[in-house]
Amino acid sequence: MTQIDNRLPEQQSKASAKTPRLRFAPSPTGFQHIGGFRTALFSWLYVRHCAGQFILRIEDTDTARTVEGAVDDLIAGMNWLGMDIDEGPIIGGPYGPYYQTQRKALYQQYANQLIESGHAYRCYCTPQRLEEMRKEQEARSMPPRYDRRCRFLTAQERADNEARSTPWVVRFAMPLEGETVVHDELHGDMVFKNIDIDDTVILKSNGLAPYHLAHLVDDHFMGITHVLRGEEWISSAPRHVQIYKALGWELPLFYHVPNILGTDKKKLSKRRGAPAWSDFQREGYLPEAVLNFLALLGWSYDDKTELFTREDLIRVFTLERVGISAGIYDPDKLLWMNGVYIRRLPIDELTRRTLPYLERSQAEGGLPDSVQRPLDYEYTLRVLQLEQERLKTLGEAAQKDAFFYVDTLTYDTALLIQKGMNAASTQYGLQSALDLLTTIQPWEHAAMEPPMRTLASTLGLKTGQLFGSIRTAVSGSTATPPLFQMMEVLGRERSMTRIEQAIERLAQIDH
RNA sequence: GCCUCGUUCGUCUAGUGGUCAAGGACGCCGCCCUUUCAAGGCGGAGGCCACGGGUUCGAAUCCCGUACGAGGUACCA
């Protein structure tokens with residue numbers, strides 16, 4: 001119940017005698033959101049921390065919900081985050097196959113064994129009967145539960161059903177009395193009354209096993225030592241320990257990790273708009289930042305450290321420091337962290353990694369389609385040098401820096417006119433700046449700034465007023481990198497042309 | 001409804017009976033820097049540690065109850 005008395009030393013040492021083998025076992029029913037990846041990350045980090053093995057297994061026994069492409073997307077996501085897999089689909093491994101639909105026979109074998117040992121039984125109830133029963137129980141505000149009718153069928157009734165070849169499923173016969181203790185390494189002992197637990201289906205009429213049997217058989221034969229899964233599994237855990245017991249198998253160590261909630265405080269779900277890994281990729285989050293962020297959702301190292309490289313994480317990650325209470329995913333903090341990672345990138349790498357975001361089509365979030373691709377690497381590097389500390393995502397660069405690439409600027413002429421100025425004085429200021437700029441040699445920010453400052457005071461303007469007008473003229477924007485550095489990158493010709501165009505604009509509103 | 005888990009600043013968290021009149025981070029606010037925007041520096045607001053009872057010389061930390069939240073209650077995972 002508490003965190004203090006939750007680790008039985010004997011059990012811990014029993015497990016550590018074997019090399020840790022942990023798995024991530026998602027169902028391919030859609031696109032994995034970050035909550036799933038976070039749980040996978042904990043397993044992966046632990047495995048890499050103690051030189052174990054990380055297995056990916058696809059729990060595709062619900063064929064009706066299986067979504068085409070989900071496995072590829074999942075693997076791509078793990079790849080993106082840098083979680084390498086030791087055994088799994090595609091790469092294979094000694095304990096395959098790694099798709100549950102391909103392990104059907106195994107589940108049937110153990111379902112039968114459980115029937116023979118008296119721990120399970122065939123249930124001939126029709127879905128309609130179950131449905132009616134459920135409705136009635138609900139109407140009487142009773143807990144909806146299978147009434148175990150088929151558990152107590154006479155030999156004759158069984159024979160009749162078989163003779164009529166009534167379709168059947170296999171149900172696990174939960175003990176009718178007593179308690180089941182689920183020992184969890186994080187939560188301690190959790191006690192359940194057996195009578196509260198349903199006789200769950202362990203083999204469906206189509207011959208496939210649902211989660212409750214399938215994952216357990218697989219974990220056993222794949223030699224899984226630690227089971228990390230979401231806390232939503234706690235309520236079915238007593239069922240699992242009973243099945244392990246009935247099969248005579250040793251239990252793995254359980255770690256029910258906290259869920260990640262959305263800002264609505266509900267479990268993250270795709271339906272409710274939880275982001276997929278590909279959303280982060282598309283917006284230009286760095287996988288190493290996302291990885292760092294995810295690691296901190298339900299795990300902590302100490303009271304202050306929170307920036308970790310992948311290697312750091314592997315080195316310091318331990319399961320003992322995984323928390324137990326659900327947490328809300330905070331997009332603002334991720335955004336901040338992504339900015340930190342962007343700022344730390346060597347400029348070459350930043351350029352290389354940002355280029356694809358800039359070059360993709362405008363519809364996909366890239367630069368305006370009028371801009372010629374491919375982009376010039378050196379030019380983009382100089383642009384990004386100025387933008388680096390201002391970027392929170394790589395994807396933002398296209399919006400913020402379009403003016404560096406585009407031929408004609410679109411902006412509201414009023415933005416040229418600074419506080420305390422009017423069209424005429426702005427026009428005069430720009431013209432004076434233009435005249436001065438013509439003489440600047442070489443075209444470098446250090447050569448521009450001192451004379452331009454002098455010009456401002458000569459004109460009786462604050463630097464902010466003069467520079468603000470030029471800034472808008474040259475970029476079409478009021479928030480940009482430092483003016484003269486920006487003009488240096490933009491080049492003399494383009495900078496001066498834009499100032500001329502601004503003057504023309506002002507001349508027009510003048511009358 | 002029933003069962004289970006959880007509950008420390010808005011959010012992520014540190015905290016394993018005294019060093020906690022609760023520390024860090026994001027966000028927010030202010031100041032500094034400053035040609036704008038950032039970044040950076042400094043400072044601030046924000047928590048009766050869900051509530052109520054115990055245990056103890058001493059409790060955010062242990063126990064009990066309550067409230068609230070979440071999860072489960074499928075031939076889904």
Side-chain angles (χ1 to χ4, degrees), chain A residues 1-5 25-29 59-62 64-65 123 125 127 130-131 134 137-138 140-146 167-171 182 184 187 190-193 196-198 200-206 208-212 214-215 229-238 256 258-259 261 263 265-267 293 296-307 321 323-337 339 343 387-392 400 418 449 452-453 456 462-468 470-472 475 477-484:
Chain A
M1 219 78 64
T2 68
Q3 263 185 287
I4 317 287
D5 55 346
S27 59
T29 52
E59 310 225 318
D60 56 350
T61 56
D62 187 358
R65 291 203 312 156
C123 170
C125 293
L130 297 175
E131 185 50 35
R134 219 175 344 253
Q137 286 164 335
E138 263 165 44
R140 288 191 293 160
S141 64
M142 300 279 288
R145 198 131 56 202
Y146 177 57
W168 47 266
V169 300
V170 177
R171 285 182 186 273
V182 175
D184 181 286
H187 295 265
M190 303 183 283
V191 185
F192 297 76
K193 286 199 249 337
D196 289 330
I197 296 158
D198 215 350
T200 195
V201 173
I202 57 171
L203 200 69
K204 301 192 258 191
S205 52
N206 68 3
L208 277 164
Y211 177 84
H212 301 297
H215 91 277
R229 57 186 2 174
E231 62 181 333
E232 68 270 24
W233 293 108
I234 289 176
S235 35
S236 41
H256 289 96
N259 280 140
L261 275 26
T263 25
K265 299 198 175 207
K266 294 263 192 287
K267 195 174 98 169
F293 178 78
L296 258 17
L297 240 38
W299 173 86
S300 63
Y301 174 65
D302 61 14
D303 60 340
K304 22 192 77 93
T305 322
E306 50 184 5
L307 261 14
R321 294 199 59 86
I324 50 171
S325 53
I328 294 169
Y329 148 69
D330 178 10
D332 280 343
K333 185 149 184 177
L334 205 213
L335 196 60
W336 163 78
M337 193 172 276
R343 270 172 254 134
E387 200 62 65
Q388 183 161 27
E389 71 185 28
R390 276 157 261 265
L391 285 179
K392 290 258 192 324
K400 302 183 77 141
Q418 304 299 301
E449 185 166 342
M452 290 296 276
R453 283 188 181 279
K462 287 186 196 157
T463 48
Q465 291 177 302
L466 212 219
F467 296 179
I470 304 175
R471 180 190 317 286
T472 302
S475 70
S477 166
T478 54
T480 74
L483 178 60
F484 302 112

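Convention: sequence-line order gives letters A, B, ...; per-chain numbering from 1.
Within the nucleic acid shown, A:T61 comes within 4.0 Å of sugar-phosphate atoms alone, with no base atom in reach, counting heavy atoms only. Nucleic acid contact for A:L483: base, since at least one base atom lies under 4.0 Å from a heavy atom of the residue. If you check every strand for non-hydrogen atoms under 4.0 Å, A:R229 touches nothing. Using a 4.0 Å heavy-atom distance criterion, A:T463 is classed as a sugar-phosphate-only contact. Residue contacts for A:R343: at a heavy-atom cut-off of 4.0 Å it reaches the sugar-phosphate backbone alone, with no base atom in range. Residue A:Y301 is classed as having no contact, given no heavy-atom separation below 4.0 Å to the nucleic acid. Across all strands shown, A:P238 has no heavy atoms under 4.0 Å from either base or sugar-phosphate atoms. Using a 4.0 Å heavy-atom distance criterion, A:P481 is classed as a base contact. Nucleic acid contact class of A:S325 (heavy atoms, under 4.0 Å, all strands): sugar-phosphate only. Within the nucleic acid shown, A:I470 has no heavy atom closer than 4.0 Å to any nucleic acid atom. Contacts of A:P144 with the nucleic acid, taken as non-hydrogen atoms under 4.0 Å apart, include base atoms. Across all strands, A:K304 comes closer than 4.0 Å only to sugar-phosphate atoms, never to a base (heavy-atom distances). Among the protein residues, A:T478 comes within range of the nucleic acid bases, having at least one heavy atom under 4.0 Å from a base atom.
Set against B:U35, B:G6, B:G71, the side chain of A:S235 has B:G71 as its closest nucleotide.
Pairing for B:A21 is absent, judged as Watson-Crick or G-U wobble with the two contacts each under 3.5 Å.
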